[in-house]
Enquirer: 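Okay, handing you the structure first.
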Amino acid sequence: MDHVFKALADGTRRRLLDRLHGHSGQTLGELCEHIDMTRQSVTQHLAVLEAANLVSTVRRGREKLHYLNPVPLHEIQERWIDKFERPRLRALGALKERAEEAMTDKPNFVYVTYIRSTPEKVWDALTDADLTAAYWGHSNVSDWRTGSRWEHRRTDGSGIADVVGTVVESERPTRLVTTWAAPEEEGDADKYSRVTFDIQPHADIVRLTVTHEDLPGEDALRDATSGWAAVLSNLKSLLETGSPLPQEPWLMPSR
């Protein structure tokens, strides 16, 4: 890297690199055409560039062709530029995402509950097929690896899935992100919604935040509002008492 910085410190050598960037594979004579310097001096500069691996040469008969090698420049960018730009680019990306969220007409829903439990038990309650069947009325089935498919299957023995999707993020026991879609809409990404489970421990309790994004409309938002409240109340009861609520809460009349 020291040889690269030394080579780049000279204006003439930078001009030679610019010329090779515009047209790689030039002879010494071609490179000297637009540089007011003797051939011997240009040859010395090219030797410095070769030592820094910025220029490579190939013999073609009696001629020696010079080619730009961009690899050391790329390494400089990665080591000395990209890592300092990354926080700014992340901030710009987050700003873009928030702006796009503000412009979308798809509603989002957020539900927060506090449970006397551990993050591991809450994670298992969200992902274990038998546990989800006990309080949700469906079994969540997957290997829960990032990129895997998951299904929300009925517990009546039919094996029918009412919701399918993909595991987007899986960080046991703190964060799970999945896409949701009806089976008949599985191939249409525009019809997907997205559910994020954030599990945060605090002493003997856990804060579980469920964010359901990109719901298809206000009807879906109303269903999510009542549905998540019922399911998560049942989950809380199961983890804190060992049993779900005595009646399925989603069957309770709204009035």
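Owing to the predicted nature of the structure, the values given are computational and were not obtained by experimental measurement. Counting from 1, the numbers follow the sequence of the chain as shown.
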Enquirer: Where is the tightest heavy-atom contact between Arg13 and Ala7, given as atom of each residue plus distance?
Expert: NE-O, 3.0 Å

Enquirer: Taking atom CD of Glu218 and atom CG of Asp223, what is their separation to the nearest 0.5 Å?
Expert: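 Nearest 0.5 Å value for the CD-CG distance: 11.5 Å.
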
Enquirer: Could you check Asp18, Leu17, Leu49 and say which one makes a side chain to side chain contact (heavy atoms under 4.5 Å, CB included) with Leu68?
Expert: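 Going through Asp18, Leu17, Leu49 one by one, the side chain to side chain contact (heavy atoms under 4.5 Å, CB included) with Leu68 is satisfied by Leu17 alone.
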
Enquirer: Is there side-chain contact between Leu126 and Val122, with heavy atoms separated by less than 4.5 Å?
Expert: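 Side chain of Leu126 against side chain of Val122, heavy atoms only: contact under 4.5 Å found.
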
Enquirer: For Ser237 versus Pro244, what's the shortest heavy-atom pair and its separation?
Expert: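 That closest heavy-atom pairing would be OG-C, 3.6 Å.
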
Enquirer: Compare every heavy atom of Thr155 with every heavy atom of Gly137, then report the nearest pair and how far apart it is.
Expert: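 Answer, listing the atom of Gly137 first, then Thr155: O-OG1, 3.4 Å.
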
Enquirer: When you group the ILVMFWY residues by side-chain heavy-atom contacts below 4.5 Å and let the links chain together, are Trp123 and Val231 in the same group?
Expert: yes

Enquirer: For the pair Arg19 (side chain) and Glu30 (backbone), establish whether a donor and an acceptor sit closer than 3.5 Å, ignoring hydrogens and angles.
Expert: yes

Enquirer: Quick check on side chain to side chain contact (heavy atoms under 4.5 Å, CB included): which of Ile199, Thr113, Val112 does Thr209 satisfy it with?
Expert: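 Of Ile199, Thr113, Val112, side chain to side chain contact (heavy atoms under 4.5 Å, CB included) with Thr209 is met by Val112 alone.
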
Enquirer: Less than 4.5 Å apart, any side-chain heavy atom of Glu185 and any of Tyr192?
Expert: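 No, every pair of side-chain atoms sits at 4.5 Å or beyond.
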
Enquirer: Working to the nearest 0.5 angstrom, can you tell me the gap between Thr12 OG1 and Asp10 CG?
Expert: 4.5 Å

Enquirer: Applying the side chain to side chain contact (heavy atoms under 4.5 Å, CB included) test to Leu54, which of Val48, Leu8, Leu16, Asn69 qualifies?
Expert: Leu8

Enquirer: For the residue pair Leu232 and Val210, establish whether any side-chain heavy-atom pair is separated by less than 4.5 Å.
Expert: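 Yes, close enough: below the 4.5 Å cut-off.
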
Enquirer: Between Ser148 (side chain only) and Trp144 (backbone N and O only), is there a donor and an acceptor less than 3.5 Å apart?
Expert: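 A pair under 3.5 Å: no.
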
Enquirer: So, Thr174 side chain and Glu171 main chain: donor-acceptor pair closer than 3.5 Å or not?
Expert: yes

Enquirer: Checking the side chain of Ser41 only, and the main-chain atoms of Met37 only, is there a donor and an acceptor separated by less than 3.5 Å?
Expert: no

Enquirer: Would you say the side chain of Thr166 lies within less than 4.5 Å of the side chain of Thr178, judging by non-hydrogen atoms?
Expert: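 No. Closest side-chain heavy atoms not under 4.5 Å.
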
Enquirer: For Asp162 versus Pro183, what's the shortest heavy-atom pair and its separation?
Expert: O-CD, 3.5 Å

Enquirer: Does CG in Asp36 sit with more than 12 non-hydrogen atoms of other residues, nucleotides or ligands closer than 6.0 Å?
Expert: no

Enquirer: Crowded around Asp188 CG? As in, over 12 foreign heavy atoms under 6.0 Å?
Expert: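 Enclosed: over 12 neighbouring heavy atoms sit under 6.0 Å from CG of Asp188.
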
Enquirer: Which distance, rounded to the nearest 0.5 Å, do you find between the CG of Leu208 and the OH of Tyr111?
Expert: 9.5 Å

Enquirer: So, does Thr132 use its side chain to make a donor-acceptor pair with the main chain of Ala129 at under 3.5 Å?
Expert: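 The answer is yes, because a donor-acceptor pair under 3.5 Å joins these two groups.
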
Enquirer: Where do Val167 and Ser142 come nearest, in terms of heavy atoms and distance?
Expert: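 Minimum heavy-atom contact is CG2-OG, 4.0 Å.
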
Enquirer: Can you tell if the side chain of Phe5 reaches within under 4.5 Å of the side chain of Pro72, non-hydrogen atoms only?
Expert: no

Enquirer: Contact between Arg175 and Thr196 at the side-chain level, heavy atoms closer than 4.5 Å - yes or no?
Expert: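 Answer yes - side chains close enough.
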
Enquirer: Quick check: do Leu215 and Phe109 have side-chain heavy atoms less than 4.5 Å from each other?
Expert: yes

Enquirer: If you take all heavy atoms of Ser24 and Tyr67, which pair is closest and at what distance?
Expert: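 Where Ser24 meets Tyr67 most closely, the heavy atoms are OG-CA, 3.2 Å.
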
Enquirer: Looking at Asn234 and Tyr135, would you say the former's side chain and the latter's main chain have a donor-acceptor pair under 3.5 Å?
Expert: yes

Enquirer: Is any side-chain N of the basic residue among Lys64 and Glu50 closer than 4.0 Å to the acidic one's carboxylate O?
Expert: yes

Enquirer: Do you reckon Trp228 sits in the same ILVMFWY cluster as Val177, going by side-chain contacts under 4.5 Å, direct or chained?
Expert: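 Different clusters.
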
Enquirer: With a cut-off of 6.0 Å (strictly less than), are more than 12 heavy atoms of other residues, nucleotides or ligands near CD of Glu184?
Expert: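 Counting neighbours around CD of Glu184, more than 12 heavy atoms of other residues, nucleotides or ligands fall under 6.0 Å, so yes.
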
Enquirer: So if you build clusters from Ile, Leu, Val, Met, Phe, Trp, Tyr with side-chain heavy-atom gaps below 4.5 Å, do Ile115 and Phe197 land together?
Expert: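 Ile115 and Phe197: one cluster.
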
Enquirer: Does His66 offer a backbone N or O that forms a donor-acceptor pair with the side chain of Thr57 under 3.5 Å?
Expert: no

Enquirer: State whether Arg149 and Glu186 are salt-bridged, where the test is any N-O pair (Lys NZ or Arg NE/NH1/NH2 against Asp/Glu carboxylate O) under 4.0 Å.
Expert: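 Result for this pair is yes, salt bridge flagged.
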
Enquirer: So if you build clusters from Ile, Leu, Val, Met, Phe, Trp, Tyr with side-chain heavy-atom gaps below 4.5 Å, do Leu251 and Trp136 land together?
Expert: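 Yes, Leu251 connects to Trp136 through the hydrophobic network.
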
Enquirer: Regarding Arg194 and Asp214, does a basic nitrogen lie under 4.0 Å from an acidic carboxylate oxygen?
Expert: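 Salt bridge absent between Arg194 and Asp214.
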
Enquirer: Distance check, rounded to the nearest 0.5 Å: Leu73 atom CG versus Asn53 atom CG?
Expert: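 CG of Asn53 is found 10.0 Å from CG of Leu73.
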
Enquirer: With clusters defined by side-chain heavy atoms of hydrophobic residues (ILVMFWY) lying less than 4.5 Å apart, directly or transitively, does Leu176 cluster with Leu238?
Expert: yes

Enquirer: Run Val110 and Thr211 through side chain to side chain contact (heavy atoms under 4.5 Å, CB included) and show every step you take.
Expert: CA-CA 4 Å; Val110 179; Thr211 305; 3.9 Å; yes

Enquirer: Are Thr146 and Val168 close enough that some pair of their side-chain heavy atoms sits under 4.5 Å apart?
Expert: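 They are not in side-chain contact.
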
Enquirer: Where the side chain of Ser226 meets the backbone of Arg222, is there a donor-acceptor pair that is under 3.5 Å apart?
Expert: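 Yes.
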
Enquirer: Is there a donor-acceptor contact under 3.5 Å from the side chain of Ser233 to the main chain of Ala229?
Expert: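 Yes; judged by distance alone, with no hydrogens or angles, the pair exists.
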
Enquirer: Flag the pair Arg172 and Asp124 as a salt bridge only when some basic side-chain nitrogen lies within less than 4.0 angstrom of an acidic carboxylate oxygen.
Expert: yes

Enquirer: Taking Ser158 for its side chain and Ile160 for its backbone only, find out whether a donor-acceptor pair lies under 3.5 Å.
Expert: yes

Enquirer: Do Trp150 and Trp180 have ring centroids that are under 6.0 Å from one another?
Expert: yes

Enquirer: Thinking salt bridges, do Arg116 and Glu240 make one under a 4.0 Å N-O criterion?
Expert: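 No, no charged N to carboxylate O under 4.0 Å.
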
